[in-house]
Each structure stands twice: as C-alpha cells, then as structure tokens.
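Remarks on the structure that follows.
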Amino acid sequence: MKKIDLTQDLNPQQAEAVLHQKGPLLIIAGAGSGKTRVITHRVAHLILELGVPSYNILAVTFTNKAAGEMKQRVEKILQQANFDLGLPLVATFHSFCVRILRADIDKLAIERSFTIYDDKDSLSLIKKIVKKMGLEEDINIKQVASYIDKAKNNLWTSADLRANSSYHLADKITQIYAEYQRELKAADGLDFGDLISRTVELFQKFPDVLDKYQERFKYIMVDEYQDTNEAQYVLTNLLAQKYRNLVVVGDDDQAIYSWRGANIQNILSFEDDFPEAKVVKLEQNYRSTQNILDAAWQVICKNSGRKEKKLWTEQGRGDLISLVECFSEVDEGERIIGQIEDLILERRARYRDFALLYRTNAQSRVLEEAFLRHGIPYQIIGGVKFYARKEVKDIIAYLRLLLNENDVVSLLRVINVPPRKIGEKTIETVQNFANTQGLSFWQALLRTEEIDSLGPQTKVAISRFVEVVLSLRKEASKLAVSSLVRQVIERSGYKKMLMAEATEENKDRMGNLEELLSVAKKYDQMDRPDGLLLFLEEVALVSDLDNMEEGKNGVILMTLHNAKGLEFPYVFVTGMEEELFPHFNSLDDAAALEEERRLCYVGMTRAKKKLFLTLARSRLIYGTTKNNEPSRFLLDISPDLLQGAFVGSLDAVSNYSTDDEYSQEPEYMDINAGDLVSHPTFGRGKVVSVQGGVATVSFDNDKYGVKRLALSVAPLEKEKDF
DNA sequence: TATATAGTGTTTTTT
DNA sequence: ACACTATATA
C-alpha cells in the first residue's frame, strides 16, 4: 500500500471532517463547498489510515447519479493507494433497502422476488380499489395516492392516517389505504414508500436482522440529509444506534423535497438527537463567483430558521448577473439562444457548458422548439420518462408477470394489450369468480373453463393469453435477458401490432423497445432468472437524470429540482415570474414559499461563471395568455449585482421601454414569414418566422446573420421591391 | 361486448 | 404525450 495525504489541498474545516473518527458528525455543507470530496476522502481515511474494513462502511445518497459518482471517486483514491480489498457499499436509500429486503422480506410473508411498483402502478391499483369500493364519484384518485404516500413517508398505519386527517372523506381514504396495503401484499408488490417502511418494519420486528446490519455497517454516512423523510430518518437511526458512527451531510438551504415527505427538522435537530455530535460548517465555495454567491444569499437570507451561513470564494467577483427580460415565452427561448451563441463566439464555450433550468416541465416545450429551430444540440432531462412510456411499461409488465404471477397490476395492464377481445366485462366476471373461489386473478384465469357465464370465444381468447405467458415463463429460466425480452415483444403480439401500421409513432415505439433491449443486454451474462430480476430492478429505480449523456455536447434542459448537486459554467434560471416561480400553488403558504426560495437558491448556485435570470412579460399557460409580475426573488437581488435590469430592450434594439409600454397591448406590424424587410443597422433581410410578437430575420449581410426582433419596437420596414 | 376513433384535459417539483 | 370519455360500429 502506498501512503497518500488525504488532507492535502483541503481547508481546515474540510480537513476536520475528513479526519473525524468515531461518533456522530453533522456537516453543514453549503452549495459548492466540496462536500463530495470531503465524504470520499473521509471514507478513504477510515479505510487507509484507521484500518476500517470497507465492508463495514455504508454511504447513502438519494440519486443513483450521486451514488455512482461517489463510488467512482472512492475507488480512484483507493487505487492510488494500491488498496484492493474491496469497496464500501454506496447506495441510494431505495436500492439499499431493496438489497436488504431481497434477503429477508420472506420473514414478513412477502416473496423475496417481490415486484417494485412505481407511482403509476400504485395509482392503477388505487383506482382498481376505489372502483371496487364504488367510490369513484366522491374520490380523487391522485389525492388518495398522495395521502397514502404521505402516510408511508411518516410510517403511519391506516389508523394513524385516520388520526392525522381532518378531511371529510378521511374514513374512506383510510379504508382505501388499508385495502391497498392488503392488495399490495397479496400481489407481492412493494411501492417506493414500502421499500423504506418495510425495511423499518423488518428491523423493528426482527432485532436479530437489525443486529446483523448494525454489525455490518459500523460506519454510516448519509448525504443530502435535509431531504430525508421520517421513514428514512428512523431507518438511519435504527442502523446507527448501536455504534453511533453516523455522519450526516446536508444543507438546510437546499431542502426542496418537503412535498415528498422530507422533513427539514431532521437536519435542524440532529444535535438534539445526538448531543455528543460534532458540527462542521463548510462555507468556502469552490464553484461560483462572489457575485453569484452574494445574489443567491440575498435571496435565501429572507428565510426563517436557517442555520446561518454565508458562502465566500477566493475566485473574485466575476461577471454581473444578467437579467433578461423578454416579451413572451417564445422570445425567452430566442434570447437565451442569442446569449448562448454570443458566448460561444466570444469565449469559446461549448454547448454542454450551458444549462437551462425551469420550475415546471411544461416550460421545456417552447424552449425545445427554439433549439430545434436553430439546429442547436440539446438534451432534455426528465419530463416523460423513458421507462414510463406506454410501450416500455407494457413489455415490462409482461416481464414482471413472468417472475411474479401474483402481480395483478401488471397482469391487468397487459391482459388485453395487444387487443385480444378480453374486455372490461370479462375481467369483471373472472374477478368475481376469483373472489368467490378464494383464488388470485391469475389462478382464476387458469380455471376459466369452470366459469359458465363466459362465452366460448372469450374462453379461447383467455386460454391463448395464458398459454403465451406460461410458455414465456418457461423461457425465463433458460434464456438470456435480452433474448427473453425479444421473445416477449414477439410472442405477445406486440411487434405485430406495431408493425401493422408503419406510422411515425409506431416506428418511434419500436425504437424505444429496441432501446429497452439494449439495456437488457447488460444482464445477459447473469444467472437466470436473477438477471431478469436485476434488470427489472434497474428499470424501477433508475431515473432520467441517471441517463444524462455525460459526453454529449448539447445544452442541458432540466427542472430546478433535477439540477441539485450539479454545476454548469453558464446557467439560465428561466421563467422568473410570479405564479410560475414562485409557483401559484405556493403563494398562500409561508412554508411552501420558503421552499420555493430555496429552490431559487439551488438554481442560482449551480452557476460557475455566469448566471442569467430570464423572465417573460407575457406567457401562454394552458391556452390563456398571462401577464405575470417579475418574480419576487428578482426584487431581492440588489441592482448593483445585476446587468440589463428591466430595460425591456431586445439585444438588437436599443430602445428603452418603461413598464407603461408593457401594460398596453403591443401593436404588431403586419409582417409575416417570408416577407422581405429592411433595418437601419442590419440592412436587408428575410423573415424566417413570426411568433409571439417576435420576428426571426435572416439578414443578407453575414456579419449580422439571424436576429430576433420585437415587432413592437424594432425599426423594421417592409421591403416592397425585390 | 369489444374496439376504433376523435375530442378533451392535463402539469409543480420525483427517488 | 398520455389518459380518459363519448360515440359509432362490428
């Protein structure tokens, strides 16, 4: 083994955290303060200097991306030291729990090959139950889903949920929750919340199992601790209570997941939970310029109950923050692209150095269209997720059914996909038969011959479907995963259905299934059918963020939530308007507004070199045009940090506009795509497109190229002769 | 009884 | 882009 200095280049606070040996430690890590570095170096320090076996160390994160990065960096340090005695376990909360449950969940009378239900699966199960209970009229399914989710995050039983609800349908919701849990268990299915809460249940009911893991994971680290919910908090504390070597890292200013049950109190009261805890604050920032940090601080300091901290950097003030005020959402896209192209010319930045962040996924559409118009490469993260697409989910449902015949959600999803004349009535009849005979739905399907009320054609249709599943199930233990997936696509009739009509849409869907096949290939070398189980696990737990192509040279578009933990040289926080950001649904709730503020802080602190804040004075939302005020967050930033503040001019036009001009309906010139125009500065040009009061004009003089001009202010004239 | 088709509404954020 | 609904047709 080679000796390496793990505290080299660390500041005193970082070094203190890295050298921490035993007992609880709270690391308050401001944005860009070298947090990952501290965690990885501390892991290496435990292993290399203190001789702790890797096997005894656990690091928990929230995203696969963070876990992967951490794993890689630890591996690199250990390699440098020529250490080759294994790596510590780095996992997300969810994958960690799956691991434990696969080993011991049979103790809770659930199959170890359980199926993981995503939120869509659980929604369809809730729907089925609501229907069964005849409550469709009075119950909002999504609302019930969120109540159930909340209950699980808080480790509530249905009785607890009842006690904690004042809603007038609380009794009904409580019943649905109880029934949902019963059905989930019968299906050997676990939803996301269950992954955590069942693990807690296992630990609480079987102290020997808990003890096994306490002995194994003597050193525990939890990243993004401010985002833990009650269930994750209890889980962490159970695991850590024996040896108390718990290091939690987080930043209360970056808590943005309360809507998913995260409880900011977990980090704020760590010192009460562990009075012997040491606390380290990391306030030196290595990412951004001082201007960016100051502006971000001016936004976040308005929140109450923060752990006071103020980030600083040695990197100097840097550029001012650009405030880009646009006429419309279309204009916003165009102006952002103008800025990107300017910077690429001036500073030789690449497309991948830019990120566009937005509050809601819906905003991505218009921005995407702008990138398409200009032929600029881009990557959208999130939105409609790959694994959530219909055709992908359908094939996955077949695969799940092969491993778990009790999985009713998957069964009901595919029983008539492609259409095989097994409709609603038939399903109802079979379900009734199953209920009276005390059978599962699948078992009932196997005995349809005994159901007198079904017609002969229907019985044939069912037995054909059953045959397909049974024969594929036999293959599952023989074939490599990708071959099996191919078999499913073909023998289910899915391929035939898509090939029947060669529309663009169907070609796309086939393409998506090919992509699914290529993911499946990764599991071909594994034992069967374990490979299939692991493939389905990846599909259930992976997020779109994990599929971000690191090497691709394209501008990145994502929600502010997705951007946490990432950094980019140039960041645009878009849609800085009241009712959009802060979002409409947060306006009457002080706590929600504080979270919006934190979200803004997270977005701003992603920027390394330059930050752009953009807003549209008019925006089309669900078919109606809204003229929202500039976001209150913009008003919190002092003007001397800003450039281009509220001048309301487009880059090609030097006219100043007052707020008054905006309140009037702008008078657009009669200019359309294809028209020839002239401009006093840029000369002659041709109009490429007109949208949202903005004309895109391609000027004859190559020096000016393509410009975007607001029709209400640009001194454009229509050319009459050619 | 099952299916095809057209029309409508949805969306705040997601492991 | 998807889910859901209403309606016509086999």
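In what follows, chains carry the letters A, B, and so on, assigned in the order in which the sequence lines appear, proteins first and then strands, with residues in each chain numbered from 1. What you see is a predicted model; the values in this text were computed from it and never measured.
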What is the nucleic acid contact for [X], judged by heavy atoms within less than 4.0 Å: base, sugar-phosphate only, or nothing?
X	result
A:Lys65	nothing
A:Asn562	sugar-phosphate
A:Asn585	base

inquiry  = Judged by each residue's nearest nucleotide on DNA chain B, which is more toward the 5′ side, A:His94 or A:Thr360?
reply    = A:Thr360
message = Heavy-atom nearest nucleotide on DNA chain B for A:Arg365 versus A:Thr559: which residue maps closer to 5'?
response =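 It is A:Arg365, whose closest nucleotide lies nearer the 5' terminus.
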task = Please report the C-alpha distance between A:Lys421 and A:Gln457 in whole Å, then the side-chain angles of each, then the deciding distance to 0.1 Å, and finally whether the side-chain contact (heavy atoms from CB on, under 4.5 Å) criterion is met.
result = CA-CA 9 Å; A:Lys421 301 195 184 291; A:Gln457 281 177 334; over 6 Å; no
Return the value, rounded to whole Å, for the distance between atom [atom1] of [X] and atom [atom2] of [N].
X	N	atom1	atom2	value
A:Met576	B:dT12	CE	P	19 Å
A:Leu593	B:dT13	CG	P	18 Å
A:Phe192	B:dT15	CZ	C1'	6 Å
A:Lys564	B:dT13	NZ	C1'	12 Å
A:Glu391	C:dC2	CD	C1'	11 Å
A:Leu123	B:dT14	CG	P	17 Å
A:Lys393	C:dC2	NZ	P	13 Å
A:Asp119	C:dC2	CG	C1'	14 Å

ask   = Choosing from B:dT11, B:dT12, B:dT14, which nucleotide comes nearest the side chain of A:Glu596?
value =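 The answer is B:dT12, which lies nearest to the side chain.
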query = Between B:dT12, B:dT13, B:dT11, which nucleotide gets closest to the side-chain atoms of A:His561?
reply =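 That would be B:dT13.
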query = Does the aromatic ring of A:Phe62 sit over the six-membered base ring of B:dT15, closer than 5.5 Å centre to centre and tilted less than 30°?
reply =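 Here the ring of A:Phe62 and the base of B:dT15 are not stacked, as the 5.5 Å and 30° limits are not both satisfied.
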task = Please step through salt bridge (Lys or Arg N to Asp or Glu O under 4.0 Å) for the pair A:Asp394 and A:Lys390, ending with a clear verdict.
result = CA-CA 6 Å; A:Asp394 287 340; A:Lys390 189 182 179 312; 3.3 Å; yes
message = Is A:Lys142 close enough to B:dT11 that one of its side-chain N or O atoms is under 4.0 Å from OP1 or OP2 there?
response = yes
task = May I ask you to evaluate whether A:Asn361 reaches the phosphate of B:dT14, defined as a side-chain N or O under 4.0 Å from OP1 or OP2?
result = yes
remark   = Residues of residues 412-429 of chain A with a heavy atom under 4.0 Å from any atom of DNA chain B, listed by number, are A:Asn416, A:Pro419, A:Arg420, A:Lys421, A:Gly423, A:Glu424, A:Lys425, A:Thr426
Identified side chain to side chain donor-acceptor pair (under 3.5 Å) partner of A:Arg400 from the options A:Asp121, A:Thr115, A:Asp407 =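 In the set A:Asp121, A:Thr115, A:Asp407, the residue that makes a side chain to side chain donor-acceptor pair (under 3.5 Å) with A:Arg400 is A:Asp121.
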note = Sorted by chain and residue number, the side-chain contact (heavy atoms from CB on, under 4.5 Å) partners of A:Asn512 (sequence neighbours excluded) come out as A:Phe386, A:Arg389, A:Glu391, A:Val392, A:Glu515
ask   = Is A:Arg102 positioned over the aromatic face of A:Phe114, cation under 6.0 angstrom from the ring centre and no more than 45 degrees off axis?
value = yes
message = Which residues pass the salt bridge (charged side-chain N to carboxylate O under 4.0 Å, His left out) test with A:Glu594, not counting sequence neighbours?
response = none
ask   = Can you find a heavy atom in the side chain of A:Arg359 that is under 4.5 Å from one in the side chain of A:Glu577?
value = no
request  = Measure the acute angle between the ring planes of A:Tyr378 and A:Phe371, then classify it against the limits of 30° and 60° as parallel, tilted or perpendicular.
outcome  = tilted
